[in-house]
Amino acid sequence: QVQLVESGGGLVQAGGSLRLSCAAYGRTFNTYAMAWFRQAPGKEREFVAACNWDGGSTYYADSLKGRFTISRDNGKHMVYLQMNNLKPEDTAVYYCAGATVYLRIRDPGNVEVWGQGTLVTVSS
């Protein structure tokens, strides 16, 4: 079983950038597709981005393409989310997630392991 721990959240001004990190613990990490989700206050958890087991394939929520980039380093057991040109509407708790089926990971119901989340606040 894999355990996930996020870091890197914080307060940033609109237009700024943040890089979130997700540390994975467990020998099976390299077999997991990985993703980021977010949940704003009063809203449902939504898909942000995903990558396959080696990071060679990625896909994004349509509304976030061009601003967010997901990547992973299997040697370090890390997953990253680079967020640029942040907007107040990006304010949310961001969650790292893992699943064995890459093409299904965008559905939260198919996620097999979740991190505890890290808060990102974007001020206007």
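Positions are given from 1, in the same order as the sequence printed here.
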I'd like to check F37 versus P108 (side-chain heavy atoms, cut-off strictly below 4.5 Å). Are they in contact?
yes

Heavy atoms, side chains only, cut-off 4.5 Å: are N110 and V101 in contact?
no

Does one side chain, of R19 or Y80, offer a donor that lies under 3.5 Å from an acceptor on the other?
no

Looking only at non-hydrogen atoms, find the nearest pair between S21 and M78 and report the distance.
CB-CE, 3.7 Å

Between T100 and E112, do the side chains contain an N or O donor and an N or O acceptor separated by less than 3.5 Å?
yes

Are the side chains of L20 and W36 in touch, meaning some heavy atoms are under 4.5 Å apart?
yes

Would a line drawn from the ring center of F47 to the ring center of Y95 be shorter than 6.0 Å?
no

CH2 of W114: more than 12 outside heavy atoms within 6.0 angstrom?
yes

Within 45° cone of Y32 ring axis and under 6.0 Å: R72 NZ or CZ
no

So, T91 side chain and V122 main chain: donor-acceptor pair closer than 3.5 Å or not?
yes

Between V93 and G117, which heavy-atom pair has the shortest distance, and what is it?
CG1-CA, 3.8 Å

Ignoring hydrogens and angles, state whether a donor on the side chain of S57 or Y102 is under 3.5 Å from an acceptor on the partner side chain.
yes

Which atom pair, heavy atoms only, marks the closest approach of I70 to C51?
CD1-N, 3.8 Å

Lys/Arg N to Asp/Glu carboxylate O, R38 vs D90, below 4.0 Å
yes

